[in-house]
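Presented below is the structure to which this report refers.
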Amino acid sequence: MKMVVCGCCAASWRRCVVMSLRLLFLLPAGLPVRSQGESQSDNKQMDNITIRQGETLFLSCSQGDFVTHTAWLNRSSILYAGEDKWSVDPRVSLVTLNQDEFTIKIEDVDLTDEGQYICAVQTSSRPRTTSVHIIVQVPPKIVNLSKDLVVNEGSNVTLMCLANGKPEPAIGWRMLSPSDDSLSSDSEVLEIPFISRYRAGVYECTASNDIAVDTQTVELTVNYPPSVSDGRDVGVTLGQRGVLQCEADAVPEADFEWYRDDRRIFNGFDGIEIEDAGAFSKLTFFNVSEADYGNYTCVAMNKLGSANTSIILYVQDGNSGTSTVFTPTCLLLIVLLQLLLKF
């Protein structure tokens, strides 16, 4: 291609060449304008092209007869001048160049590719240009989300979700698990005042626009002190196996302690086994004796408080099915009665 020589080449070769092409096509810096006497039809504005980020963009303009020079420009940069590639971007390539069509493509389109593109054609008589504005749409992406939270019951909680995208995404919150449609928000912020244990769970942030939807979740843990279910008294026949059970609802999980009157019972004490599993604790007597009958207390505790319940182990008559609760006084009377009967 024959280039026009300009006096600025010593300062910048690339700038010189760009200016040369502008002179060649009679294009001033910025947008091309019509030369004197040029018809309005020689400068055409195509409809905007909307493309999604990551897709491939094809730019095409018609050539016609008596074309001497042709080029595709993006703002002030020349992408292609005829078959010569001027852009250093590897995503830009030539597709078709013949008498009828001049087409280039840009792969993996990004937001920086947005703007006006110009196809400039020089004929034997005068130049003509075709311009088109490219709009790049970007799917939403959540860029800032509250971390998983652990709070105490009664605290005020704020969840934040920020997202980018084009068009600007709409953001919303909802309680995902357990599902609760009453707890939601149509903004970037979800406020939960005086949170209760029943508001613990997984919360979902959704960012959506015309292109796609992005979702992320936050897990909210609510700590609260133990509450203990009422204990069930247990009747056991002498010599049989007896089990006392205690259940506590707490976050974090409760630790358990067992007491007989005011004396704490430890695992293995007098052949008694204590087994804790999550929200349950089990006190097992493998061979119930008369000394085992009485009142037992289960205490559940965590860092926020404690709760307790009482359970009575009583005598279960193996024949009649009747039961008797032995207090320490009753046990003493029974022993004395047995001694008197021997004489």
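Residue indices begin at 1 and follow the sequence shown. Treat the numbers as computed from the prediction; the structure is a model and nothing was measured.
- Residue Pro226 comes nearest to Ala307 through the heavy atom pair O-CB, 3.6 Å, listed as atom of the first residue, atom of the second, then distance.
- Between the side chain of Asn302 and the main chain of Pro252, a donor-acceptor pair closer than 3.5 Å is present.
- By the 4.5 Å heavy-atom criterion applied to side chains, Glu55 and Val109 are not counted as neighbours.
- Residues Ile195 and Tyr224 do not share a hydrophobic cluster, defined by chaining ILVMFWY side chains whose heavy atoms lie under 4.5 Å apart.
- The hydrophobic cluster containing Ile49 also contains Val136, counting ILVMFWY residues as joined when their side-chain heavy atoms lie under 4.5 angstrom apart, directly or transitively.
- A donor-acceptor pair under 3.5 Å is formed between the side chain of Trp72 and the backbone N or O of Phe102.
- Around the CG atom of Asp47, the shell of radius 6.0 Å holds no more than 12 heavy atoms that belong to other residues, nucleotides or ligands.
- With respect to Lys282, the salt bridge (Lys or Arg N to Asp or Glu O under 4.0 Å) criterion is satisfied by exactly one of Glu247, Glu273, Glu275: Glu275.
- Partner Tyr296 forms a ring pair (Phe, Tyr, Trp, His ring centres under 6.0 Å) with one of Phe256, Tyr259, Phe285, Tyr314 and no other, that one being Phe285.
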ask   = Please walk me through it: do Asn43 and Thr129 pass side-chain hydrogen bond (donor to acceptor under 3.5 Å, both in side chains)?
value = CA-CA 5 Å; Asn43 287 324; Thr129 63; 2.5 Å; yes
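- Applying the 6.0 Å contact sphere to CZ of Arg91 captures more than 12 heavy atoms from other residues, nucleotides or ligands.
- Atom CD of residue Gln122 and atom OG1 of residue Thr68 lie 4.5 Å apart, to the nearest 0.5 angstrom.
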Could you pull out all donor-acceptor pairs under 3.5 Å where a side-chain atom in residues 148-158 meets a protein atom, sequence neighbours excluded?
residue, atom, partner, partner atom, Å
Asp148, OD1, Glu219, N, 2.9
Glu153, OE1, Arg197, NH2, 3.1
Glu153, OE2, Arg197, N, 3.0
Glu153, OE2, Arg197, NE, 3.0
Ser155, OG, Asn152, O, 2.8
Asn156, OD1, Phe194, N, 2.9
Thr158, OG1, Glu191, OE1, 2.8

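- Using a distance-only test at 3.5 Å, with no hydrogens or angles considered, no donor-acceptor pair links the side chain of Thr217 to the main chain of Val202.
- A donor-acceptor contact shorter than 3.5 Å links the side chain of Lys85 to the backbone of Val92.
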Ignoring hydrogens and angles, write down the donor-acceptor pairs under 3.5 Å from the side chains of residues 165-174, residues two or more places apart or on other chains.
residue, atom, partner, partner atom, Å
Lys166, NZ, Glu114, OE1, 2.6
Lys166, NZ, Glu114, OE2, 2.5
Trp173, NE1, Glu188, O, 3.1
Arg174, NE, Glu204, OE1, 2.9
Arg174, NH2, Glu204, OE1, 3.2

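- Contact of the Thr70 side chain with the Leu97 side chain is registered, since non-hydrogen atoms from C-beta on lie closer than 4.5 Å.
- Going from atom CG of Asp230 over to atom CD1 of Ile311 covers 10.0 Å, rounded to the nearest 0.5 Å.
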request  = Let me see the working for Cys246 and Thr309 under side chain to side chain contact (heavy atoms under 4.5 Å, CB included), right down to the final yes or no.
outcome  = CA-CA 8 Å; Cys246 180; Thr309 187; 4.2 Å; yes
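- Leu111 and Leu57 fall within the same hydrophobic cluster, defined by Ile, Leu, Val, Met, Phe, Trp and Tyr side-chain heavy atoms under 4.5 Å apart, directly or through other members.
- Shortest non-hydrogen contact noted between Met160 and Val189 is CE-CG2, 3.5 Å.
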Distance-only donor-acceptor pairs under 3.5 Å for side chains of residues 262-271, two or more places apart:
residue, atom, partner, partner atom, Å
Arg264, NH1, Glu257, OE2, 3.3
Asn267, OD1, Ile274, N, 2.7

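- In this structure, the side chain of Thr96 does not engage the main chain of Thr103 through any donor-acceptor pair within 3.5 Å.
- Trp258 and Ile272 fall within a single hydrophobic cluster, where Ile, Leu, Val, Met, Phe, Trp and Tyr side chains are chained together by heavy-atom contacts under 4.5 Å.
- Put simply, SG on Cys205 and CG on Leu145 are 6.0 Å apart, with the number rounded to the nearest 0.5 Å.
- Tyr198 OH: 12 or fewer foreign heavy atoms inside a 6.0 Å radius.
- Transitive grouping of hydrophobic side chains (ILVMFWY, heavy atoms separated by less than 4.5 Å) keeps Val228 and Leu304 in distinct clusters.
- The backbone N or O of Thr206 sits nowhere less than 3.5 Å from a side-chain atom of Thr215 that would complete a donor-acceptor pair.
- In terms of heavy-atom proximity, Ser182 sits nearest to Arg199 at OG-NH1, 4.1 Å.
- Taking OG1 of Thr50 as the reference point, atom CD1 of Ile135 lies at 4.0 Å (rounded to 0.5 Å).
- Nearest heavy-atom pair across Ala200 and Pro178 is O-CD, 3.7 Å.
- With Asn209 contributing its side chain and Pro139 its backbone, the two residues share no donor-acceptor pair below 3.5 Å.
- Side-chain atoms of Tyr80 never come within 3.5 Å of backbone atoms of Ile104 as a donor-acceptor pair (strictly under, hydrogens ignored).
- Remark: side-chain polar atoms of Asn98 are paired, donor with acceptor, to backbone N or O of Glu101 under 3.5 angstrom.
- With rounding to the nearest 0.5 angstrom, the NZ atom of Lys105 is 14.5 Å from the CG atom of Leu79.
- Of all non-hydrogen atoms in Leu59 and Ile134, the two that sit nearest each other are CD2-CD1, 3.9 Å.
- Residue Asp276 comes nearest to Ser281 through the heavy atom pair OD1-OG, 2.5 Å, listed as atom of the first residue, atom of the second, then distance.
- From Leu162, atom CG reaches atom OG of Ser146 across 8.5 Å, with rounding to the nearest 0.5 Å.
- A donor and an acceptor atom, one from each side chain of Gln45 and Ser131, are located under 3.5 Å apart.
- Side chains of Thr284 and Arg241 form a contact here, defined as non-hydrogen atoms less than 4.5 Å apart.
- Asn164 contributes no side-chain N or O that, together with a main-chain N or O of Lys141, makes up a donor-acceptor pair within less than 3.5 Å.
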